[in-house]
Visitor: 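Structure below; questions to follow.
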2 protein chains.
Amino acid sequence: MYEHGVKATSVDDVLVASGCGKSQFYHYFSGKNDLVAAVLEYQFEIVLGGIHEFRLDTWSGIRAWFDSLLVGQEQRGFKGCPVGSLTVELSASSPSLQRHVAEAFSRWENILADALTSMKRKELLEPRAQPVLLAETTLSAIQGGYLLSTARRDIRPMETALAAAYTHLRTSRARR
Amino acid sequence: MYEHGVKATSVDDVLVASGCGKSQFYHYFSGKNDLVAAVLEYQFEIVLGGIHEFRLDTWSGIRAWFDSLLVGQEQRGFKGCPVGSLTVELSASSPSLQRHVAEAFSRWENILADALTSMKRKELLEPRAQPVLLAETTLSAIQGGYLLSTARRDIRPMETALAAAYTHLRTSRARR
DNA sequence: TACTCTTTGTACCAGACAGTACAAGACTCC
DNA sequence: GGAGTCTTGTACTGTCTGGTACAAAGAGTA
């Protein structure tokens, strides 16, 4: 589903790939939508889980995280953000999946905002920095970078976007 | 296709909506892929055509353009960028459509880069500003903003992203 | 052993899908 | 006005789709 899109991946495709029978599938999932929700959950878990390897409340941690995103995008063959691609396709689908997506993005944003708030407390960010807005901006840059990089099959646009995002964060750093 | 996705829109759907017969369709298009390519072309034409209403080589023009993007996203019911959504779905499809997408994005980027180069010539941007990088960053912010805004059905994230993009451009402005 | 409840394999279904066949209508040019 | 080309409507085909039916296998238990 990540590679070919949700719509383009049939239940039968999944069954073949997993080596399961149909009855098994419909025993554990109520239908395709249920599976899609599970995939979404799974992908978000990976993305959000990956974040915790980094100390996002330090400048070097943020940089390391950005680098890991770049490496991942290249290694996976420019297939885009595991959740970004799903998001676009599902944003036009059933409301329940839609809510799922929105909520997952909020969680992601909150993790960033929390880290930035922590940086503010540690006086790495200036007092009037706005963590929530900075988190939103950063996430936008990441997603936009993924999209351009995927469209062009080139890591450069994403590098540029993340570098700009980092610069933008740095403009809110505390100066002593 | 913009509303429901390419895969989710059947040829028959298109025929019903257009009031055309099947033979008519296959007379003018070699198949669904051909239609998709035309849709992509059409959407890019609209997006790129809309740009020319603005003087992107002025600060106020850029701001006006950004505002128009925001208004459009809200008016169209948070359906995302007309080309961004297609891009994501098609980036996993046939290589010919893929190339189409990549090329169209390059055109978009070039328009921005040209405008920024012009600003540099007019000494609105500092001499060491890099139009191509700035254009890439701006485009990333736009696409990322669209994506978040669509996922959350809220204009705020896109506002934030565009405001940050504008600020980022302004950091390269010439100081006299 | 016999009785359950859970889990799985196989065959099947009705509808949607992209695309084709073919003939008939419309138009152009001599 | 007629031959030939361009355009269109209708019916059809084979394949794929998500989902169901149903029976059999397996696991637990008294």
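Letters go in sequence order (proteins before strands), and every chain restarts at 1.
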Visitor: Sequence neighbours left out, what pairs pass salt bridge (charged side-chain N to carboxylate O under 4.0 Å, His left out) with at least one residue falling in residues 52-65 of chain B?
Guide: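 Only B:Arg55-B:Asp57, B:Asp57-B:Lys122 qualify under salt bridge (charged side-chain N to carboxylate O under 4.0 Å, His left out).
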Visitor: By the salt bridge (charged side-chain N to carboxylate O under 4.0 Å, His left out) test, which pairs, at least two apart or in different chains, include something from residues 4-18 of chain B?
Guide: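 Of all non-adjacent pairs touching residues 4-18 of chain B, those that pass salt bridge (charged side-chain N to carboxylate O under 4.0 Å, His left out) are B:Asp12-B:Lys22.
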Visitor: In whole angstroms, how far is the P atom of D:dG18 from the OH atom of A:Tyr28?
Guide: 21 Å
Visitor: Considering only Ile, Leu, Val, Met, Phe, Trp and Tyr, and joining two whenever side-chain heavy atoms are under 4.5 Å apart, list the other residues clustered with B:Ile46.
Guide: B:Tyr42
Visitor: Write out all pairs satisfying salt bridge (charged side-chain N to carboxylate O under 4.0 Å, His left out) with one or both partners inside residues 88-106 of chain B, taking only residues at least two apart or from two chains.
Guide: none
Visitor: Rounded off to whole Å, could you give me the CD-to-P distance for the A:Gln24 and C:dT8 pair?
Guide: 4 Å
Visitor: Just how far, in rounded Å, is P of D:dT8 from CG of B:Leu15?
Guide: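 One finds 13 Å between P of D:dT8 and CG of B:Leu15, rounded.
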Visitor: Consider only side-chain N and O atoms of B:Glu126 and B:Ser172, and report whether a donor and an acceptor are under 3.5 Å apart.
Guide: no
Visitor: Is it the case that the side chain of B:Thr87 and the backbone of A:Ala151 share a donor-acceptor pair, with hydrogens and angles ignored and the cut-off at 3.5 Å?
Guide: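 Checking the backbone N and O of A:Ala151 against the side chain of B:Thr87, no donor-acceptor pair under 3.5 Å is found.
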Visitor: Check whether NZ of the Lys or CZ of the Arg B:Arg173 lies under 6.0 Å from the centre of the six-membered ring of B:Trp59 and within 45 degrees of that ring's axis.
Guide: no
Visitor: Any chance you could list the contact pattern along nucleotides 10-24 of chain C? Use B for base contacts, S for sugar-phosphate-only contacts and - for none, protein heavy atoms under 4.0 Å, 5' to 3'.
Guide: B------SBBB----
Visitor: Counting N and O atoms only, with roles assigned by atom type, does the side chain of B:Tyr166 sit under 3.5 Å from a partner on the main chain of B:Ile62, one being a donor and the other an acceptor?
Guide: no
Visitor: If you compare every side-chain N and O of B:His27 against the phosphate oxygens of D:dT8 (OP1, OP2), does one of them come in below 4.0 Å?
Guide: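 No, B:His27 has no side-chain N/O under 4.0 Å of OP1/OP2 on D:dT8.
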Visitor: Would you work out how much the helix from C:dT1-D:dA30 to C:dC30-D:dG1 bends between its ends, with each end axis defined by five base pairs, to 10 degrees?
Guide: 0°
